[in-house]
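Data block below; observations after.
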Amino acid sequence: MENIHLIINPTAGNGAAKRIATIVLEKLSEEKVDYQAFYTEKAGHAEEIAKKSAGAGIKCIIALGGDGTVFEVSRGLFNSNTSLGIIPAGTGNDFIKSLGLPKSPLDALDFILQNKPRPVDIGLINGELFMNVCGIGFDVSVLDYSIKAKKYFKGMIPYLWGVIQTIIHYKASDITLFIDDAKVLSQKVLVCSVANGKFIGGGMPISPNSKVDDGLLDVVVIKDVTRPWMIRYLPGLLSGKILTFKDTVSFKANTVKIESNSKMRVNVDGEIFAFDKAQFEILPKALMVHW
């Protein structure tokens, strides 16, 4: 493959991305692949680089970093003819799990070089792109608590710490949920996830039935429960049994709307935003990805 740009987040994975990038760039040079590498310097920089590269006609852009880097690069490639490759180098790397991509950086690079891209769906929240999962409630609190732990640990450990702290301190979110314009519930909830992918939190299967190319959003809701029930549900949540809980309801949807009497804090692919209401839709097969 020729005409590749790499967008590298050197701070991803607590700095591991910088080491991984060195190995990947050496491999590309050995294979005599025509490439250019760009290092991000601030939030939003990956999106800027991706948009500029796509506008210049680059055929493939590789995101080397975590889910946040993939999220930014994807936004930069939206509505372009440029494909996305992913080399995981973050702490969670959740989206690659839904795609079934290799975890090893060099294996991921070989996969990109050897396989043609295929289309995946893109989600929109209030008109802005997301690739993986958006959530209200429990996972926002978990993310808040896990951010500090990510400085010291990788994988699911920071999220498990966040889960423990959330069980101790969590207050339920009061929402009204609409699926394809029909109101389906109005009550306090523990979890409300709107998913294109399956995983959050370094591998927690929050939406086990999601497929990134089925043209539908998956909505998973756990109604408000007591703290003892949160603890009882935790093993099942980690092992992908969330849909079997007696307090869980799930839906397939083309559009989703969530309203609340107060400002909502929403986890969008690992970044938290505040919205008065959240309107979701799915754009089928809107981005070409090597998977």
Side-chain angles (χ1 to χ4, degrees), residues 47 67-68 70-72 74-75 78-79 94-95 98 119-144 166 170-201 204-225 237 242-243 245-287:
E47 180 179 351
D67 290 315
V70 173
F71 169 68
E72 287 195 12
S74 299
R75 292 184 68 157
F78 186 43
N79 284 331
D94 284 309
F95 193 56
S98 295
V120 301
D121 303 336
I122 286 176
L124 294 181
I125 173 171
N126 295 345
E128 297 292 333
L129 177 150
F130 73 93
M131 292 296 294
N132 191 32
V133 179
C134 297
I136 293 167
F138 190 85
D139 58 327
V140 175
S141 179
V142 171
L143 189 59
D144 282 336
T166 296
Y170 182 71
K171 293 182 179 179
S173 301
D174 198 346
I175 66 165
T176 300
L177 174 65
F178 298 83
I179 301 294
D180 295 333
D181 296 324
K183 185 166 79 171
V184 295
L185 62 82
S186 185
Q187 65 181 93
K188 291 182 181 297
V189 300
L190 177 66
V191 171
C192 181
S193 291
V194 181
N196 184 38
K198 293 183 180 183
F199 300 96
I200 62 172
M204 189 183 300
I206 195 71
S207 182
N209 290 345
S210 287
K211 296 180 179 179
V212 296
D213 61 349
D214 65 353
L216 293 168
L217 293 166
D218 286 76
V219 183
V220 179
V221 179
I222 304 178
K223 299 173 184 179
D224 188 26
V225 298
L237 184 63
I242 185 173
L243 300 180
F245 299 166
K246 68 181 181 64
D247 297 293
T248 296
V249 292
S250 62
F251 310 90
K252 294 278 188 179
N254 293 296
T255 64
V256 179
K257 183 169 67 173
I258 304 174
E259 297 178 345
S260 178
N261 292 329
S262 58
K263 183 81 80 172
M264 294 182 295
R265 298 179 71 242
V266 183
N267 171 12
V268 181
D269 284 355
E271 302 291 333
I272 297 176
F273 299 88
F275 300 118
D276 293 316
K277 65 179 180 180
Q279 179 79 45
F280 301 86
E281 61 182 296
I282 191 76
L283 300 180
K285 304 185 188 307
L287 185 67

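Note that the structure is predicted; figures quoted are calculated from it, not measured.
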remark   = For residues 266-284, the salt bridge (Lys or Arg N to Asp or Glu O under 4.0 Å) pairs (sequence neighbours left out) are Lys263-Asp276
Gap separating the CD atom of Gln279 from the CZ atom of Phe178, nearest 0.5 angstrom = 9.5 Å
request  = Report yes or no: does Ser98 contribute a side-chain atom to a donor-acceptor pair with the main-chain N or O of Lys198 at less than 3.5 Å?
outcome  = yes
Between NZ on residue Lys252 and NZ on residue Lys211, distance to nearest 0.5 Å = 7.0 Å
query = Does Asp67 reach the main-chain N or O of Phe95 with its side chain, forming a donor-acceptor pair under 3.5 Å?
reply = yes
task = Spell out, as yes or no, whether a donor-acceptor pair under 3.5 Å connects the side chain of Asp213 to the backbone of Val120.
result = no
message = If you define the side chain from C-beta out and look only at heavy atoms, does anything of Ile282 sit under 4.5 Å from Leu216?
response = no
key: Any Phe251 side-chain heavy atom under 4.5 Å of Val256 side chain   = no
inquiry  = Quick check for you: to the nearest 0.5 Å, what is the distance between Ser186 atom OG and Asp174 atom CG?
reply    = 6.5 Å
inquiry  = Please report the interatomic distance CG(Leu177) to SG(Cys192), rounded to the nearest 0.5 Å.
reply    = 5.0 Å
key: For Phe280, the option from Leu217, Leu124, Asn126, Val219 that meets side-chain contact (heavy atoms from CB on, under 4.5 Å)   = Leu217
query = CD1/Ile242 to CG/Leu237 distance, rounded to the nearest 0.5 angstrom?
reply = 5.0 Å
task = Ignoring hydrogens and angles, tell me if any N or O in the side chain of Asp180 forms a donor-acceptor pair with the backbone of Asn254 under 3.5 Å.
result = yes
request  = Would you confirm whether Ser260, through its side chain, and Ile175, through its main-chain N or O, come within 3.5 Å as a donor-acceptor pair?
outcome  = no
key: CE-CD distance between Met131 and Glu72, expressed to the nearest 0.5 angstrom   = 13.5 Å
Leu283 vs Phe78 side-chain heavy atoms within contact, under 4.5 Å = yes
request  = Taking the side chain as every heavy atom from C-beta outward, state whether Val194 and Ile258 have any atom pair closer than 4.5 Å.
outcome  = yes
key: Pairwise side-chain contact, Ile122 with Asn196, heavy-atom cut-off 4.5 Å (strictly under)   = no
key: Side-chain heavy atoms of Ile206 within contact of Val133, under 4.5 Å   = yes
key: Ser210 side chain to Asp218 backbone, donor-acceptor under 3.5 Å   = no
message = Has Asn132 got a side-chain atom pairing as donor or acceptor with Ile200's backbone, closer than 3.5 angstrom?
response = no
Over 12 foreign heavy atoms within 6.0 Å of NZ, Lys246 = yes
query = Is there side-chain contact between Phe245 and Val225, with heavy atoms separated by less than 4.5 Å?
reply = no
inquiry  = So which atom in Met264 and which in Ala278 form the shortest heavy-atom distance, rounded to 0.1 Å?
reply    = CE-N, 3.5 Å
ask   = Taking the side chain from Asp224 and the backbone from Leu190, do they hold a donor-acceptor pair closer than 3.5 Å?
value = no
task = Determine yes or no for a side-chain-to-main-chain donor-acceptor pair under 3.5 angstrom, with Thr166 supplying the side chain and Val142 the backbone.
result = yes
For the student: nearest non-hydrogen atoms of Asp121 and Pro284, plus distance = OD1-CA, 3.2 Å
